[in-house]
Amino acid sequence: MLTGAGMSVDSGIPCYRPWPPENSVSKTPHSTESGIPDYRGPDGNRRVTPMSHQEFTATSAARQRYWARSFIGWSRFTSAEPNDGHRAVTALQAAGVFGTVITQNVDGLHQEAGTSDVVELHGSLGEVVCLTCDERTDRDLVQALMDEANPGFTAHALGEVADGSQVSSQIRPDGDIVLADEAVATFVAPRCLVCGEDTLKPDVVFFGGSVPKPRVEHCFARTDEAPALVVLGSSLKVMSGYRFVRRAAANGIPVVVITRGPTRGDGETTHRIDAPLGTTLSALARVVTSGEQAALAG
């Protein structure tokens with residue numbers, strides 16, 4: 001199984017792209033239905049651009065900007081909880097319907113829902129790595145250190161959000177928010193506890209970065225072993241996930257996609273369902289569970 005950002009929208013974590021897409025059957029964003037504002041503006045344009053790997057590693061100023069925004073957005077990001085889709089995946093895996101879950105998401109919600117054998121293709125925001133000495137640190141510890149080094153910053157920053165909106169309307173899939181440059185300039189960025197450098201980076205693959213080759217090879221191997229590849233909540237726009245669909249199709253492995261709107265992999269897809277994940281997967285889980293109960297009763 002391969003899951004994308006659409007999997008976590010009902011948990012209040014938006015996609016970078018519109019969700020559902022403009023040409024989807026439904027045009028009401030899941031997060032808006034849940035009372036969580038869409039991260040795009042009323043005109044549908046993206047308010048923020050994700051920081052690239054190249055930008056992050058280039059200067060201390062870029063890292064300061066990232067960490068200031070992440071510091072403010074972290075509590076909002078970590079308050080997200082697994083949704084019905086996550087729970088259904090766990091139930092279906094327990095029933096033997098699904099095997100390994102390859103997720104493009106960095107939020108850890110599959111594991112929080114109880115799903116096992118999860119491969120985090122793009123890493124996890126829960127851990128921080130030093131690009132200088134490779135020391136690894138828990139993200140919550142880094143948050144505590146930033147809080148200690150920046151007393152009163154949250155209250156100051158919340159008054160500096162560029163469009164005057166609440167932080168919840170600006171949360172991004174990688175856990176940070178839009179924040180005015182004036183607020184960022186006063187922020188003290190975290191440093192490595194071992195080497196003292198300011199080269200701490202969340203252990204995720206930024207835009208423009210590369211997934212570690214051993215991880216990719218592991219995912220290829222699990223794809224090759226699978227009787228079918230199920231894709232949930234992904235437009236497959238990014239090659240890091242799309243390559244597994246191409247691999248499955250090349251090997252004659254059926255590809256089933258459940259998501260909103262068209263995907264980059266429609267040409268390789270065996271079956272595609274344009275439907276909301278939560279209700280669709282929950283219904284499937286109920287059918288499977290009731291079938292198991294009937295078999296046991298018989």
Side-chain angles (χ1 to χ4, degrees), residues 1-17 19-21 24 29-31 77 80-95 97-126 173-175 204-205 211 215-216 218-220 222-223 225-248 253-266 268-285:
M1 173 186 290
L2 174 68
T3 69
M7 192 79 213
S8 295
V9 171
D10 279 348
S11 295
I13 300 176
C15 305
Y16 276 115
R17 296 179 176 85
W19 188 268
S24 174
H30 293 185
S31 53
F77 186 83
E81 298 180 350
N83 59 50
D84 289 343
H86 292 112
R87 289 186 285 270
V89 167
T90 300
L92 290 165
Q93 186 188 61
V97 175
F98 296 147
T100 299
V101 176
I102 303 169
T103 184
Q104 298 175 92
N105 299 335
V106 297
D107 50 41
L109 292 179
H110 278 301
Q111 296 94 317
E112 190 174 336
T115 302
S116 60
D117 195 12
V118 178
V119 180
E120 294 176 307
L121 187 64
H122 295 154
S124 170
L125 281 177
D174 54 5
V204 298
V205 179
V211 179
R215 192 181 302 164
V216 173
H218 174 68
C219 292
F220 273 141
R222 301 317 296 265
T223 300
E225 297 166 356
L229 176 63
V230 178
V231 179
L232 302 177
S234 178
S235 64
L236 300 172
K237 293 287 187 182
V238 181
M239 179 57 76
S240 62
Y242 175 47
R243 60 182 141 196
F244 302 116
V245 170
R246 295 181 64 183
R247 176 72 162 243
I253 298 171
V255 176
V256 179
V257 176
I258 305 176
T259 194
R260 293 296 186 87
T263 77
R264 185 180 182 182
D266 283 352
E268 292 94 347
T269 298
T270 310
H271 301 288
R272 188 169 72 84
I273 301 172
D274 187 328
L277 291 176
T279 54
T280 302
L281 293 172
S282 296
L284 178 59

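Values reported hereafter were calculated over all heavy atoms of this structure, with side chains retained and with hydrogens, waters and symmetry mates removed.
Using a 4.5 Å heavy-atom cutoff, the side chains of Q104 and S240 are in contact. V257 has its side chain out of reach of H271: every pair of non-hydrogen atoms, C-beta onward, lies at least 4.5 Å apart. Side-chain contact between S11 and E81 is absent, with no heavy-atom pair separated by less than 4.5 Å. Between I13 and L109, the closest side-chain pair of non-hydrogen atoms falls below 4.5 Å. The side-chain heavy atoms of M239 and R264, taken from C-beta on, include a pair separated by under 4.5 Å. Contact annotation: the side chain of D84 never approaches that of L281 to less than 4.5 Å [non-hydrogen atoms, C-beta and beyond]. Residues V245 and L229 form a side-chain contact, since some pair of their non-hydrogen atoms from C-beta on lies under 4.5 Å apart.
More than 12 heavy atoms of other shown residues, nucleotides or ligands fall within 6.0 angstrom of atom CZ in R272. Taking a 6.0 Å sphere around CD of E112, one finds it holds more than 12 heavy atoms contributed by other residues, nucleotides or ligands.
The CG atom of L125 sits 10.5 Å away from atom CG of N105, with the distance rounded to the nearest 0.5 Å. Distance check: T103 OG1 to L2 CG gives 7.5 Å after rounding to the nearest 0.5 Å. Distance check: H122 NE2 to R215 CZ gives 9.0 Å after rounding to the nearest 0.5 Å. Considering CE of M1 and NE2 of H110, their distance stands at 7.5 Å, rounded to 0.5 Å. Separation of atoms CG (L277) and CZ (R260) is listed at 8.0 Å; rounding is to 0.5 Å. With rounding to the nearest 0.5 Å, the separation of CD1 in I273 from OG1 in T280 is 7.0 Å.
The shortest heavy-atom contact between C219 and L121 is SG-CD1, 4.1 Å. The two residues Y242 and G265 make their nearest non-hydrogen contact at CE1-CA, 3.6 Å. The two atoms that bring S8 and D107 nearest to each other are OG-OD2, 2.6 Å, heavy atoms only. For the pair A285 and A91, the tightest heavy-atom approach, listed with the atom from each and the gap, is CB-CB, 4.4 Å. In terms of heavy-atom proximity, T90 sits nearest to A113 at OG1-O, 3.2 Å. The minimum heavy-atom distance linking T223 with A248 is given by the pair CG2-CB, 4.0 Å.
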Side chain to side chain contact (heavy atoms under 4.5 Å, CB included) between R222 and D117, intermediate numbers included: CA-CA 11 Å; R222 301 317 296 265; D117 195 12; 3.7 Å; yes
Trace of the side chain to side chain contact (heavy atoms under 4.5 Å, CB included) decision for R243 with V211: CA-CA 12 Å; R243 60 182 141 196; V211 179; 3.8 Å; yes
Steps toward side chain to side chain contact (heavy atoms under 4.5 Å, CB included) verdict (S234, M7): CA-CA 8 Å; S234 178; M7 192 79 213; over 6 Å; no
Side chain to side chain contact (heavy atoms under 4.5 Å, CB included) between T115 and F98, intermediate numbers included: CA-CA 10 Å; T115 302; F98 296 147; over 6 Å; no
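When atom types are taken as modelled, the side chain of T270 and the backbone of V255 share a donor-acceptor pair closer than 3.5 angstrom.
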